[in-house]
Structures are given as C-alpha cells and as structure tokens.
Amino acid sequence: MKLLFFQLKQGYPLMVIPDTAAHLNGHTIITHMYSIFLDIGAGNPLISRSKESTLHLEWIKDPEYFGYITFELPGKLFTYTADGQRELNNDEVQEVIEHLSNIRDNPALWNQMNDN
C-alpha cells in the first residue's frame, strides 16, 4: 500500500502508513491499521521506510509517532490507539478518520494524492 501525506486543518502535516492484518481464529478477520506520524520529511517516502519496518511489532519510540487508527468494520467500527509520544485530540482523530474513510470509499483519490 502507498503512504498517505496530508495536512490537518490545525496546520501540521501527517504521514500515514497503512497496514493490513488477517487473523485466523476460526474465521477470517481483516483489520486495516493506519499508523500516524508527524511528517517531518515533507512527504519524502525515503524517511518512511525505517518507520514501516517496525509497525506494530514492538513499541514505537519515534518522537513523531501519534499512534494508530484501526478499522475493524469500515464505516462502522474504528478505534484510535494513542501509544506514541504524541497524541491527537478528538477533533483531529475525527478529521483523520473522515479523511481515511473518504479515501477508502474513493480509491482513485489515493492515486491522485500520491501522484502529486
């Protein structure tokens, strides 16, 4: 999956790294996770490569890490886990969820965002 780079209304830029996990415990559950970082590299995907390699395998100590949003049932059930050194407030979480939901509902937007 491609990385997402966008800016919140409050002004700071974000880098979102998508991740998908399938859990087989009698039935298949697909979980979509989006790890959220402050984008200090101005959209440079080279900076993200080191961040991608450790996603959800261990506690992330990166000072730009905000945590992650999990979509269990797209459009119905999602959670924000603030397990980083930074934390999004409720309005920011809602804005990120709305942005990700819009992209999930309109996949062509994903390509447009990353072609710029």
Side-chain angles (χ1 to χ4, degrees):
M1 293 184 138
K2 292 182 180 180
L3 301 176
L4 296 169
F5 298 95
F6 59 93
Q7 190 163 332
L8 292 178
K9 291 177 188 171
Q10 282 83 0
Y12 47 85
L14 296 181
M15 175 180 62
V16 177
I17 302 173
D19 189 22
T20 302
H23 308 279
L24 302 173
N25 56 350
H27 60 283
T28 303
I29 300 171
I30 306 245
T31 302
H32 303 279
M33 292 177 279
Y34 297 86
S35 295
I36 305 163
F37 293 85
L38 182 64
D39 180 22
I40 59 167
N44 183 346
L46 295 175
I47 292 175
S48 67
R49 288 197 179 124
S50 65
K51 297 176 191 298
E52 285 181 286
S53 63
T54 60
L55 290 184
H56 310 294
L57 299 176
E58 59 188 51
W59 187 68
I60 298 173
K61 299 174 188 166
D62 189 313
E64 280 76 44
Y65 183 58
F66 282 99
Y68 60 95
I69 291 177
T70 306
F71 284 77
E72 297 287 345
L73 297 171
K76 295 182 182 176
L77 178 62
F78 43 82
T79 56
Y80 169 61
T81 304
D83 66 348
Q85 294 182 28
R86 296 178 176 266
E87 187 172 335
L88 297 171
N89 66 38
N90 289 337
D91 291 338
E92 293 165 339
V93 170
Q94 187 63 36
E95 185 178 347
V96 171
I97 289 170
E98 288 173 6
H99 190 81
L100 292 174
S101 294
N102 186 38
I103 291 169
R104 290 174 56 80
D105 293 342
N106 302 288
L109 292 176
W110 197 296
N111 291 330
Q112 289 174 2
M113 290 180 68
N114 288 291
D115 289 341
N116 294 332

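This chain uses plain numbering: 1 for the first residue, then up along the sequence.
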Checklist entry - Can you tell if the side chain of Leu14 reaches within under 4.5 Å of the side chain of Phe66, non-hydrogen atoms only? => result yes
Checklist entry - Should we count CG of Asn89 as having more than 12 external heavy atoms under 6.0 Å? => result yes
Next on the checklist: Nearest 0.5 angstrom please: Asp91 CG to Gln10 CD, how far?
Outcome noted: 7.0 Å
Checklist entry - Quick one: does Gln85's side chain have a donor or acceptor within less than 3.5 Å of a partner on Tyr65's backbone? => result no
Item to check | Side-chain H-bond candidate by donor/acceptor type, Asp83 with Tyr68, under 3.5 Å | outcome: no
Checklist entry - Any side-chain heavy-atom pair from Ile97 and Tyr80 closer than 4.5 angstrom? => result no
Checklist entry - At their closest point, which heavy atom of Arg86 faces which heavy atom of Pro63, and how far apart are they? => result NE-O, 3.0 Å
Checklist outcome for this item: Correct closest heavy-atom pair for Leu38 and Pro13 would be CD1-O, 3.3 Å
Checklist entry - For the side chain of Glu95 and the backbone of Lys9, is there at least one donor-acceptor N/O pair under 3.5 Å apart? => result yes
Next on the checklist: Any heavy-atom pair between the side chains of Ile69 and Val16 that's under 4.5 Å?
Outcome noted: no
Next on the checklist: Just verifying a value: how many Å separate Met15 CE and Ile36 CD1, rounded to the nearest 0.5 Å?
Outcome noted: 11.0 Å
Checklist entry - About how many Å separate CD of Glu92 and CG of Leu8, when rounded to the nearest 0.5 Å? => result 6.0 Å
Checklist entry - According to the interplanar angle, ranging from 0 to 90°, do the rings of Tyr34 and Phe71 count as parallel (below 30°), tilted (30 to 60°) or perpendicular (above 60°)? => result perpendicular
